[in-house]
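Only one structure is covered here, and it is reproduced in the block below.
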Amino acid sequence: MKKTPSGAHSTDEDVLQELALDYPLPKLLLEHRSLSKLKSTYTDKLPKMINPNSGRIHTSYNQAVAITGRLASSDPNLQNIPIRTLEGRKIREAFIANEGSSILSADYSQIELRIMAHLSQDIRLLDAFKNNEDIHKSTAAEIFGCDLNSVSQEQRRYAKVINFGLIYGMSVFGLSKSLGIERSAASNYIETYFARYPGVKKYMEDAKLFAKDKGYVETFFGRRLWIPEINGSNGIRRAAAERAAINAPMQGTAADLIKLAMIAVDQWLSKNVHLKTKMIMQVHDELVFEVPQNEIEILQKELPRLMEGVAKLDIPLIVDIGVGLNWDAAH
DNA sequence: TTTAATGGCGCG
DNA sequence: AAAGCGCGCCATTAAA
């Protein structure tokens, strides 16, 4: 149903899911794939990487690999610990706090969509975030032309796929595939979306034009992200570069913000020498801490203030906090 | 035995 | 020919 770059028949998840409608084997294969992925990558490997001195797993953060300015975690990668499935979450449950401490997770809510609102200056998107609305719900209300409180689960799910797809420059083809709908229907959704959020459409066109003119795009702070293939002769790679030009300012600005947050939190912890709390991980829009019981209250109060205050955008930055005895419970 | 390429999939 | 951005790591296979 689909070919790999080398010309072989693809057996990826999409293909097997489609085949599973007609045959029993693909479903079994998918089950085996997901379980063996969890076993080989996490369950078998992570225990072997415990440092004998600390009794812990220590990752490395590379600051100069990701072109958008994100950190990248390796050996082991702790930025791709499972969370999306029940089975996977059992692995996350194994990340536990010391006796007497909790794991605290502080993550930016909808950070890239908020940045898109700021960069695009789209009035409806700015308003939605200023009113602290459920953004997928409010997008659903716009594209389905209904009331905020009459949005169905299904409508919200559609809007969510559209919202995330847009951040990445998704096409009609991609949207129709990921929603399993006709291309004409997908085309209608996108058209309606851009009619309701014209600022977003203009932002995307401007990002491409800017990149073509200068060879780079910029984050909110003016950091440059070079897109060399934006004027290349290979049409396919050029199209990919155009999508990167749309995405890079958002992902790059989010990367800038969380780095500033890490610095702000570190300085605050250093200043308050009595605190035993430790910042132990970063997962792109999330900071993870190990917090003694008697410090949870102060962290719950101070972290949002510190992280939300690193920059003044035209929308509020919102930080959600979760606390638990393990990393999964902290979400 | 090590390295590289491939296809696939975990996360934000 | 591809149609969704950014990563790192797994098993498998082939080459060095």
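Chain letters run A, B, ... following the sequence lines, proteins first and then strands; every chain starts at 1. All values reported here derive from a predicted model rather than from experimental measurement.
- For A/Trp268, there are no ring pair (Phe, Tyr, Trp, His ring centres under 6.0 Å) partners two or more places apart in sequence or in a different chain.
- Residues from residues 224-236 of chain A with heavy atoms under 4.0 angstrom of DNA chain B: there are none.
- A/Asp122 pairs by the side-chain hydrogen bond (donor to acceptor under 3.5 Å, both in side chains) definition with nothing, not counting sequence neighbours.
- Residues meeting the ring pair (Phe, Tyr, Trp, His ring centres under 6.0 Å) test with A/Tyr42, sequence neighbours left out: none.
- The side-chain hydrogen bond (donor to acceptor under 3.5 Å, both in side chains) analysis of residues 200-217 of chain A, with sequence neighbours excluded, yields the pairs A/Lys202-A/Asp206, A/Lys212-A/Glu242, A/Tyr216-A/Arg224.
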A correct dot-bracket answer for DNA chain C, with pairs being Watson-Crick or G-U at under 3.5 Å, [ ] for crossing pairs and | for inter-strand pairs, is ....||||||||||||
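- Closest approach to the A/Arg70 side chain among C/dC9, C/dG6, C/dA3 is made by C/dG6 (side chain taken as heavy atoms from C-beta onward).
- Screening residues 56-77 of chain A for salt bridge (charged side-chain N to carboxylate O under 4.0 Å, His left out), with sequence neighbours left out, gives A/Arg56-A/Glu290, A/Arg70-A/Glu112.
- Hydrophobic side-chain contacts under 4.5 Å tie A/Leu35 to no other Ile, Leu, Val, Met, Phe, Trp or Tyr residue.
- Residues of residues 280-289 of chain A that place a heavy atom closer than 4.0 Å to DNA chain B, in numerical order, are A/Val283, A/His284, A/Asp285.
- When the ring pair (Phe, Tyr, Trp, His ring centres under 6.0 Å) test is applied to A/Tyr23, no partner is found at least two apart in sequence or on another chain.
- Heavy-atom distances under 4.0 Å link DNA chain B to no residue of residues 199-222 of chain A.
- You can see that DNA chain B meets the heavy atoms of chain A within a 4.0 Å-exclusive cut from B/dT6 to B/dG12, reading 5' to 3'.
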